[in-house]
Asks: 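What follows is a single structure, and I will ask about it in a moment.
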Amino acid sequence: MTLTDNRRPIVLNFDDSAGEFEGALRLDLSTWQEMIRFGCKWNQFQALGNYLNQHLPAQFGCLLMGSGDYHHITQLLLARQVITRPIHLIVCDNHPDNMRYPFGIHCGSWVYWASQLPHIARIDVIGI
């Protein structure tokens with residue numbers, strides 16, 4: 001099976017928990033592991049965003065981050081998308097992750113920050 005570049009799976013490898021996938025682009029992010037785990041300050045988050053913008057293709061298929069310690073990175077991935085119409089974000093989690101945290105972003109606040117993006121029309125959390 002040949003994957004086109006815009007459907008190629010991506011592994012954001014913070015902690016080796018995502019496993020191996022044939023044909024995937026694997027970004028070694030182990031140097032970011034402790035700085036970003038569970039949450040971080042805005043300047044650290046933006047620095048990771050700049051790094052990802054330089055190393056990720058504009059379009060891609062499935063993206064795996066492995067451990068749930070890094071699911072707040074989803075907000076960065078949503079923010080970098082060029083979207084021409086509003087989207088409906090579905091989050092599968094056992095808590096809402098919509099805290100308001102002004103000093104940065106963490107696992108409990110990323111959905112709030114995602115809701116501030118202009119292309120997010122609706123968010124549903126399944127599993128609470």
Side-chain angles (χ1 to χ4, degrees):
M1 178 170 113
T2 303
L3 296 173
T4 61
D5 284 341
N6 67 348
R7 300 301 297 160
R8 187 176 182 192
I10 306 284
V11 175
L12 299 183
N13 185 29
F14 288 100
D15 60 3
D16 290 327
S17 63
E20 298 290 330
F21 295 90
E22 184 179 335
L25 171 62
R26 188 174 188 83
L27 293 179
D28 180 10
L29 299 172
S30 59
T31 58
W32 296 88
Q33 183 179 35
E34 293 308 318
M35 183 186 336
I36 301 297
R37 183 184 297 273
F38 300 119
C40 58
K41 295 180 180 178
W42 284 121
N43 61 340
Q44 296 165 323
F45 197 63
Q46 189 56 53
L48 176 61
N50 293 338
Y51 182 87
L52 292 176
N53 286 340
Q54 293 172 6
H55 292 88
L56 284 176
Q59 296 181 355
F60 48 84
C62 181
L63 187 135
L64 300 150
M65 290 182 260
S67 169
D69 296 355
Y70 304 97
H71 68 271
H72 54 294
I73 304 306
T74 304
Q75 196 277 342
L76 277 177
L77 301 169
L78 289 168
R80 74 186 293 273
Q81 297 301 307
V82 176
I83 302 199
T84 58
R85 59 185 182 163
I87 64 170
H88 180 180
L89 176 62
I90 299 173
V91 179
C92 299
D93 205 334
N94 62 355
H95 46 87
D97 293 344
N98 63 351
M99 292 175 54
R100 290 181 176 96
Y101 181 69
F103 308 110
I105 190 166
H106 55 71
C107 290
S109 69
W110 77 270
V111 171
Y112 168 76
W113 292 110
S115 75
Q116 303 303 299
L117 296 170
H119 54 279
I120 302 297
R122 178 179 171 168
I123 300 173
D124 287 322
V125 182
I126 298 171
I128 296 177

Asks: From Gln54 CD over to Leu27 CG, what is the distance, rounded to the nearest 0.5 angstrom?
Replies: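 Here the rounded value is 11.5 Å.
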Asks: Would Phe38 end up clustered with Met35 when hydrophobic side chains under 4.5 Å apart are linked, directly or stepwise?
Replies: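 In one cluster with Phe38: Met35, no.
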Asks: Checking Asn94 now: which residues fulfil side-chain contact (heavy atoms from CB on, under 4.5 Å) with it, not counting sequence neighbours?
Replies: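 Per chain and number, Asn94 pairs via side-chain contact (heavy atoms from CB on, under 4.5 Å) with no residue.
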Asks: Going by heavy atoms in the side chains, are Trp110 and His71 under 4.5 Å from each other?
Replies: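 SC-SC contact between Trp110 and His71 confirmed.
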Asks: Under the rule for side-chain contact (heavy atoms from CB on, under 4.5 Å), what residues qualify as partners of Cys40, not counting sequence neighbours?
Replies: Ile36, Gln44, Phe45, Ile105
Asks: Would you say that Ile128 contacts Pro96 through its side chain, given a criterion of any heavy-atom pair below 4.5 Å between the two side chains?
Replies: yes
Asks: Return yes if some donor-acceptor pair links the side-chain N/O of Arg8 with the main-chain N/O of Gly23 below 3.5 Å, else return no.
Replies: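 Yes: the side chain of Arg8 pairs with the backbone of Gly23.
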Asks: Do Asn50 and Gln46 meet the criterion of a side-chain donor-acceptor pair at a distance under 3.5 Å?
Replies: yes
Asks: Could you state the interatomic distance from CD (Gln75) to CD1 (Ile120), rounded to the nearest 0.5 Å?
Replies: 9.0 Å
Asks: Would a single hydrophobic cluster contain both Phe21 and Leu77, if residues Ile, Leu, Val, Met, Phe, Trp and Tyr are joined by side-chain heavy-atom contacts under 4.5 Å?
Replies: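 Shared cluster, no.
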Asks: In this structure, would Leu78 and Trp42 fall into the same cluster of hydrophobic residues linked by side-chain contacts under 4.5 Å?
Replies: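 Leu78 clusters together with Trp42.
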Asks: Please identify each residue that fulfils ring-ring contact (aromatic ring centres under 6.0 Å, His included) with His55, with sequence neighbours left out.
Replies: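 Checked His55 against ring-ring contact (aromatic ring centres under 6.0 Å, His included); matches are Tyr51.
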Asks: If Ile, Leu, Val, Met, Phe, Trp and Tyr residues are connected whenever their side-chain heavy atoms lie under 4.5 Å apart, and connections chain through other members, are Tyr112 and Ile73 in the same group?
Replies: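 Per the 4.5 Å side-chain linkage, Tyr112 and Ile73 are co-clustered.
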Asks: Find out if a path of hydrophobic residues (ILVMFWY) with successive side-chain heavy-atom gaps under 4.5 Å connects Val111 to Ile83.
Replies: yes
Asks: List the steps and the verdict of side chain to side chain contact (heavy atoms under 4.5 Å, CB included) for Phe60 and Leu25.
Replies: CA-CA 10 Å; Phe60 48 84; Leu25 171 62; over 6 Å; no
Asks: Which pair of non-hydrogen atoms, one from Ala24 and one from Val11, has the smallest distance, and what is that distance?
Replies: CB-CG2, 4.1 Å
Asks: Show every side chain to side chain donor-acceptor pair (under 3.5 Å) that has at least one partner inside residues 116-128, sequence neighbours left out.
Replies: His88-Asp124, Arg122-Asp124
Asks: Is there side-chain contact between Leu52 and Leu12, with heavy atoms separated by less than 4.5 Å?
Replies: yes
Asks: Just how far is it from atom OG1 of Thr74 to atom CE of Met65, taken to the nearest 0.5 Å?
Replies: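 The CE atom of Met65 is 3.5 Å from OG1 of Thr74, to the nearest 0.5 Å.
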Asks: Taking side-chain contact (heavy atoms from CB on, under 4.5 Å) as the definition, give me every residue that meets it alongside Ser67, ordered by chain and number, with sequence neighbours left out.
Replies: Asp15, Ser17, Asp69, Tyr70
Asks: Could you give the distance from OG (Ser115) to CG (Leu89), rounded to the nearest 0.5 Å?
Replies: 9.5 Å
Asks: What's the shortest heavy-atom distance between Ala114 and Ile123, and which atoms?
Replies: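 Result for this residue pair: C-CD1, 4.5 Å.
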Asks: So do Leu56 and Arg80 actually touch side chain to side chain, heavy atoms under 4.5 Å?
Replies: yes
Asks: Return the NE2 to CZ distance between His72 and Arg37, rounded to the nearest 0.5 Å.
Replies: 10.0 Å
Asks: Ile126 versus Val91: any side-chain heavy-atom pair under 4.5 Å?
Replies: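 No, too far: nothing below the 4.5 Å cut-off.
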Asks: Can you name the residues that form a side-chain contact (heavy atoms from CB on, under 4.5 Å) with His106, not counting sequence neighbours?
Replies: Met99, Tyr101, Ser109
